[in-house]
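Here is the naming used below: chain letters follow the sequence lines, and residue numbers restart at 1 for every chain.
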Number of protein chains: 2
Amino acid sequence: MDEGVRWLSAQEQQWWRAYLRATRELDLALDRDLQCLGLSLSEYELLSMLSEAEGARLRMSALAALIVQSRSRVTHTAARLERRGWVRRSPAPDDGRGVLLELTEQGRDALEGFAVAHVASVRRHLVDVLTPQQLRGLGEAMQAVRDAYAQDPTTPAEPAGPC
Amino acid sequence: MDEGVRWLSAQEQQWWRAYLRATRELDLALDRDLQCLGLSLSEYELLSMLSEAEGARLRMSALAALIVQSRSRVTHTAARLERRGWVRRSPAPDDGRGVLLELTEQGRDALEGFAVAHVASVRRHLVDVLTPQQLRGLGEAMQAVRDAYAQDPTTPAEPAGPC
DNA sequence: CGTGCATAGTTGAAGCGTCAACTAGACCCC
DNA sequence: GGGGTCTAGTTGACGCTTCAACTATGCACG
């Protein structure tokens with residue numbers, strides 16, 4: 001039965017499960033550590049990408065692509081952060097449709113505190129629990145996954161669902 | 001400024017980011033592939049763990065621990081699956097507080113189809129895009145993360161938030 | 001045996017993410 | 001230069017997840 005299906009070998013399955021569970025645990029732990037300070041991980045990522053950008057500002061869609069979130073989600077998240085005064089919208093000068101999101105001074109100040117907590121969290125739950133070789137192996141595998149994902153023709157990232 | 005903080009090296013940051021983005025992309029891709037069939041990845045995980053259990057039944061809390069979800073979330077998810085007839089509740093014989101969740105025949109049938117699609121998805125987006133060595137490196141690193149997480153005293157998994 | 005505390009699971013409200021529909025500006029091209 | 005189409009972003013409704021509060025049972029200790 002089901003002859004055509006290439007199931008995973010026991011070893012492959014073990015690694016796949018380790019990946020699946022560990023990512024859930026990591027996400028939980030990292031988010032919990034930031035949540036204590038009143039910020040979610042995805043909000044942190046948004047602020048953090050802005051802070052590294054040229055002029056601390058980015059187009060909404062560029063931001064969405066960077067942090068791998070839907071444009072809609074970025075709109076909502078940005079609205080929340082804007083209410084807190086950490087981020088500001090302005091029209092894009094070169095494209096009437098576009099919106100630039102900019103980190104405010106207040107936002108930069110807040111981010112400093114978050115960054116300290118976050119890097120400690122990343123170390124505690126990931127970087128410092130691995131040997132340098134393990135971290136390298138992880139990083140290289142994940143980069144390969146990204147490269148494949150970027151190539152994949154059925155990676156619409158947004159538009160027409162492929163159902 | 002911020003002398004006490006051990007920031008990540010450029011290399012460490014690169015690997016950390018590769019991990020962070022790739023997990024988001026993978027989650028998206030795997031969930032999308034299942035979503036087309038009308039099931040979410042976390043629902044799949046629940047059904048799949050039940051199917052592998054002794055007698056295709058598990059205690060709610062055991063299930064929650066296995067798939068790394070909160071007990072509350074498992075309650076809600078199980079309710080959804082129960083409405084679809086794929087899962088059934090019964091009181092635990094040995095503990096008056098406990099509840100056993102059991103895969104129904106209908107559930108097992110449905111799961112077969114989902115499993116075929118899911119394994120193809122896992123291969124396409126993860127297993128088959130990596131060399132065996134890369135997959136092994138990934139698996140071992142993630143297992144190390146899990147081990148560290150299990151050891152960590154501030155891993156309440158549920159109770160009193162450590163804020 | 002009964003008081004106190006821990007554990008198992010549920011519940012409902014609030015918040016976040018997704019999805020489809022929508023507005024508006026750009027681009028193409030005859 | 002006015003359709004047709006594509007891209008950028010927003011909106012609101014719906015659904016899932018989280019969180020805190022709650023019920024009920026087990027367990028320890030006097």
The bend of the helix from C:dC1-D:dG30 to C:dC30-D:dG1, taken between the axes of its five terminal pairs at each end and rounded to 10°, is 20°
A:R97 vs C:dT23: side-chain N/O to OP1/OP2 distance below 4.0 Å: no
Interatomic distance where [atom1] belongs to [X] and [atom2] belongs to [N] [whole Å]:
X: A:D27; N: D:dT17; atom1: CG; atom2: P; result: 13 Å
X: A:R89; N: D:dA8; atom1: CZ; atom2: C1'; result: 12 Å
X: A:D95; N: C:dC27; atom1: CG; atom2: P; result: 7 Å
X: B:D94; N: C:dT7; atom1: CG; atom2: C1'; result: 14 Å
X: A:E82; N: D:dT11; atom1: CD; atom2: C1'; result: 15 Å
X: A:L63; N: D:dT7; atom1: CG; atom2: C1'; result: 17 Å

From the candidates D:dT11, C:dT11, C:dA24, the one with an atom nearest any side-chain atom of B:T75 is C:dT11
Heavy atoms from C-beta onward define the side chain here; which of C:dG9, D:dT10, D:dA24 lies closest to that of A:V99? D:dT10
Once each nucleotide of nucleotides 13-22 of chain C is scored for protein heavy atoms under 4.0 Å, what B/S/- sequence comes out, 5' to 3'? ---SSBB---
Exam field: side chain B:D31 to backbone B:L41, donor-acceptor pair closer than 3.5 Å: yes
Test log, rule side-chain contact (heavy atoms from CB on, under 4.5 Å), inputs A:L135 and B:E12: CA-CA 8 Å; A:L135 182 59; B:E12 284 171 337; 3.9 Å; yes
